[in-house]
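Below, each value reflects all heavy atoms present in this structure, side chains not excepted, and no hydrogens, waters or symmetry copies. Nothing here was measured: the structure is a model prediction, and the numbers come from that model.
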Amino acid sequence: MSLLSDLINLNLTDTTEKIIAEYVWIGGSGLDLRSKARTLPGPVTDPAKLPKWNYDGSSTNQATGDNSEVILHPQAVFKDPFRRGNNILVMCDAYTSAGEPIPTNTRFNAAKIFSEPDVVAEEPWFGIEQEYTLLQKDTRWPLGWPVGGFPGPQGPYYCGTGADKAFGRDIVDAHYKACLYAGINISGINGEVMPGQWEFQVGPTVGIASGDQIWIARYILERITEMAGVVLTFDPKPVQGDWNGAGAHANYSTKSMRDDGGIEVIKKAIEKLSLRHKEHIAAYGEGNERRLTGRHETADINNFSWGVANRGASVRVGRDTEKAGKGYFEDRRPASNMDPYVVTSMIAETTILWKP
């Protein structure tokens with residue numbers, strides 16, 4: 001095994017200028033991540049200088065067998081924390097051979113929204129709080145839970161320490177460092193209320209970069225849990241009963257919100273969100289009705305609400321923002337399995353472009 005480890009960790013820069021580029025894309029379910037690698041003649045940091053590539057879309061539920069070729073367009077480049085050196089991870093989106101975005105390519109429409117002059121002028125910042133749950137591979141039961149049973153009630157696990165409270169910290173810390181290495185603007189991690197559940201935060205990021213970074217951070221986490229023999233789930237309510245669900249709260253601000261007097265802009269934006277509550281809920285993740293019950297730090301899925309420092313509201317405004325009269329707000333409705341391209345662009349569209 002030591003020889004295998006040595007080979008995996010070979011430093012290619014000692015012997016060749018060639019690099020390995022791992023192309024990453026989203027599969028047909030809208031949540032599954034796929035990837036494959038290719039050799040390139042030398043280091044690349046600009047996605048526009050990377051070659052397009054293709055894959056068999058009939059094997060990812062994104063094309064039929066008689067017309068299966070789907071084309072990958074490189075969109076963002078990150079350092080590869082697994083192969084290291086000059087090797088890279090490449091976030092891609094997918095197109096037909098005729099150059100049209102395939103139906104599951106949500107990045108295409110998001111990029112159009114973020115390219116609108118009014119949106120560009122507002123410099124939308126996002127901070128995504130990505131919650132997730134680690135499961136035992138053979139039982140699909142949360143990590144650290146007794147097989148077929150339950151741990152003690154919630155209370156000691158949130159930001160907890162100790163072998164009986166924090167399960168999977170080695171995975172969490174490995175992911176944290178790997179994201180920093182990759183160039184993702186990961187801003188923190190913490191243990192969550194339900195044991196076996198954790199959270200990482202990415203941001204502030206501007207516009208389309210938020211979606212790119214969340215997807216690559218998810219990919220890196222999938223790879224690390226693969227190595228650890230642990231199953232990763234973004235299910236918004238992995239265990240029924242008196243246990244917290246998993247969300248992906250979206251912290252958001254525009255230039256106008258961050259400027260003096262921005263609290264009034266924030267209030268107008270929240271009013272717009274309230275008027276499109278049903279449309280946002282429909283786009284905020286599958287199974288969210290199991291999570292947004294009005295309990296466990298959530299608002300009821302059917303009713304929009306907002307408040308200052310209220311974690312039981314749809315949208316929360318922080319005390320610091322209220323005091324400063326400017327800042328950001330938190331949309332607490334998105335589920336952990338949300339598509340960040342859809343959620344971030346929809347928030348920007350509703351608050352900046354939409355005219356009630």
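- The hydrophobic clustering, which links ILVMFWY residues whose side-chain heavy atoms are closer than 4.5 Å, places I26 and I71 apart.
- Once rounded to the nearest 0.5 Å, the distance linking CZ of R169 with CG of L143 reads 12.5 Å.
- Ion pairing between R83 and E22 holds under the 4.0 Å rule for side-chain N and carboxylate O.
- A pairwise comparison of heavy atoms in F150 and V239 identifies CE2-CG1, 4.2 Å as the closest pair.
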Handout entry: Criterion side chain to side chain donor-acceptor pair (under 3.5 Å) on R291 and N244, from CA distance to verdict
Key = CA-CA 8 Å; R291 167 180 163 263; N244 274 36; over 6 Å; no
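- When only modelled atom types and interatomic distance are considered, S35 and Y23 share no side-chain donor-acceptor pair under 3.5 Å.
- With 3.5 Å as the limit, one finds a donor-acceptor pair spanning the side chains of N9 and R84.
- With contacts defined as side-chain heavy-atom distances shorter than 4.5 Å, the pair V308/R319 qualifies.
- A cation-pi arrangement is found for K36 relative to W53, the charged atom lying closer than 6.0 Å to the ring centre and inside a 45° cone about the ring normal.
- More than 12 heavy atoms of other residues, nucleotides or ligands shown are found within 6.0 angstrom of OH on Y181.
- Considering L221, N337, T233 as possible partners of Y132, the one that fulfils the side chain to side chain contact (heavy atoms under 4.5 Å, CB included) test is L221.
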Practice task
Under the side chain to side chain donor-acceptor pair (under 3.5 Å) rule, what do T104 and Q62 come out as? Steps first, then yes or no, please.
Solution key: CA-CA 8 Å; T104 54; Q62 291 170 301; 2.9 Å; yes
Exercise for the section: Evaluate side chain to side chain contact (heavy atoms under 4.5 Å, CB included) for T293 paired with D300, printing each intermediate quantity in order. Expected result: CA-CA 5 Å; T293 61; D300 185 276; 5.9 Å; no
Handout entry: Worked verdict on I8 versus L10 for side chain to side chain contact (heavy atoms under 4.5 Å, CB included)
Key = CA-CA 6 Å; I8 290 171; L10 273 178; over 6 Å; no
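- Between T13 and I19 there is no side-chain heavy-atom pair separated by less than 4.5 Å.
- Using a 4.5 Å cut-off on side-chain heavy atoms (C-beta onward), F114 and V120 make no contact.
- Judged by distance alone, the side chain of Q213 and the main-chain N or O of N185 form a donor-acceptor pair under 3.5 Å.
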Problem - Worked check of side chain to side chain donor-acceptor pair (under 3.5 Å) between Q201 and N190 - result: CA-CA 9 Å; Q201 304 94 32; N190 61 266; 3.0 Å; yes
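- D331 and R316 are not joined by a salt bridge, as no carboxylate oxygen comes within less than 4.0 angstrom of a charged side-chain nitrogen.
- One hydrophobic cluster, built from ILVMFWY side chains closer than 4.5 Å, cannot hold both V172 and V231; they sit in different ones.
- In this structure, A76 and D212 approach most closely via the heavy-atom pair CB-OD2, 3.8 Å.
- Taking the centre of each ring, W25 and W215 stay at or above the 6.0 Å mark.
- Side chain of D259 to backbone of G262: no donor-acceptor contact under 3.5 angstrom is found.
- For the residue pair R333 and N288, the shortest heavy atom distance occurs at O-ND2, 2.9 Å.
- Linking ILVMFWY side-chain heavy atoms closer than 4.5 Å, directly or via other members, places I352 and L275 in two distinct hydrophobic clusters.
- Summarising the local packing, CD of E17 is surrounded by 12 or fewer heavy atoms from other residues, nucleotides or ligands at distances under 6.0 Å.
- Taking 4.5 Å as the limit, some side-chain heavy atom of I301 sits within range of a side-chain heavy atom of I281.
- Side-chain contact between C179 and F200 is absent, with no heavy-atom pair separated by less than 4.5 Å.
- A perpendicular orientation is assigned to the rings of Y252 and F329, their planes being inclined by more than 60° (bins at 30° and 60°).
- Listed for the Y157 side chain is a donor-acceptor partner under 3.5 Å among the backbone atoms of G152.
- A donor-acceptor pair under 3.5 Å is absent between the side-chain atoms of D260 and the main chain of K326, judged by distance alone.
- More than 12 heavy-atom neighbours from other residues, nucleotides or ligands sit within 6.0 angstrom of CG on D32.
- A distance-only check finds a donor-acceptor pair linking the side chain of W141 to the backbone of G149 [under 3.5 Å].
- Remark: the backbone N or O of A250 is not paired with any side-chain donor or acceptor of E129 at under 3.5 angstrom.
- E122 contributes a side-chain N or O that, together with a main-chain N or O of K255, makes up a donor-acceptor pair within less than 3.5 Å.
- Distance alone, capped at 3.5 Å, is enough to place a donor-acceptor pair between the S336 side chain and the A246 backbone.
- Two residues are said to be in side-chain contact when any heavy atoms from C-beta on lie closer than 4.5 Å; Q136 and V230 fail this criterion.
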Exercise for the section: Take F82 and I224, measure what side chain to side chain contact (heavy atoms under 4.5 Å, CB included) needs, and give me the verdict at the end. Expected result: CA-CA 9 Å; F82 303 104; I224 291 171; 4.0 Å; yes
Exercise for the section: Report the C-alpha distance between R332 and E297 in whole Å, list the side-chain angles of each, state the deciding distance to 0.1 Å, and finish with yes or no for side chain to side chain contact (heavy atoms under 4.5 Å, CB included). Expected result: CA-CA 9 Å; R332 296 178 58 82; E297 301 180 71; 3.8 Å; yes
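- Here the side chains of V24 and C92 are not in contact, with every heavy-atom distance at 4.5 Å or above.
- A salt bridge does not link K268 with E271: every distance from a Lys NZ or Arg NE/NH1/NH2 to an Asp or Glu carboxylate oxygen is 4.0 Å or more.
- Looking at heavy atoms from C-beta onward, F108 lies out of side-chain contact with E100 at the 4.5 angstrom threshold.
- Cluster annotation: Y176 and I128 are assigned to the same hydrophobic cluster (Ile/Leu/Val/Met/Phe/Trp/Tyr, side-chain heavy-atom contacts under 4.5 Å, transitive).
- In terms of modelled atom types and a separation under 3.5 Å, the side chain of K272 and the main chain of W354 share a donor-acceptor contact.
- Ring pair F304/H277 is perpendicular by interplanar angle, where above 60° counts as perpendicular and below 30° as parallel.
- Hydrophobic clustering (ILVMFWY, side-chain heavy atoms < 4.5 Å, transitive): L31 and V342 are in distinct clusters.
- The two residues Q75 and D93 come nearest to each other via the heavy atoms NE2-OD1, 2.8 Å.
- The two residues A269 and T351 have their closest heavy-atom pair at CB-CG2, 3.8 Å.
- Defined by atom type and a distance below 3.5 Å, a donor-acceptor pair is present between the side-chain atoms of D56 and S59.
- Annotation: cation-pi pair R34/Y55 absent, no NZ/CZ under 6.0 Å from the ring centroid and within 45° of its normal.
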Exercise for the section: Run the numbers on D242 and Q154 for side chain to side chain donor-acceptor pair (under 3.5 Å), then give the verdict. Expected result: CA-CA 8 Å; D242 195 16; Q154 294 183 153; 5.1 Å; no
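- Across every non-hydrogen atom of P195 and F167, the tightest pair is CB-CE1, 3.8 Å.
- In this structure, D235 does not pair ionically with K237, as no charged nitrogen and carboxylate oxygen lie closer than 4.0 Å.
- A salt bridge is absent between D320 and K323; no separation between the charged side-chain nitrogens and carboxylate oxygens falls under 4.0 Å.
- Atom-to-atom distance recorded for L292:CG and S314:OG is 8.0 Å, nearest 0.5 angstrom.
- Put simply, the side chain of H175 never gets that close to the backbone of R218: no donor and acceptor are under 3.5 Å apart.
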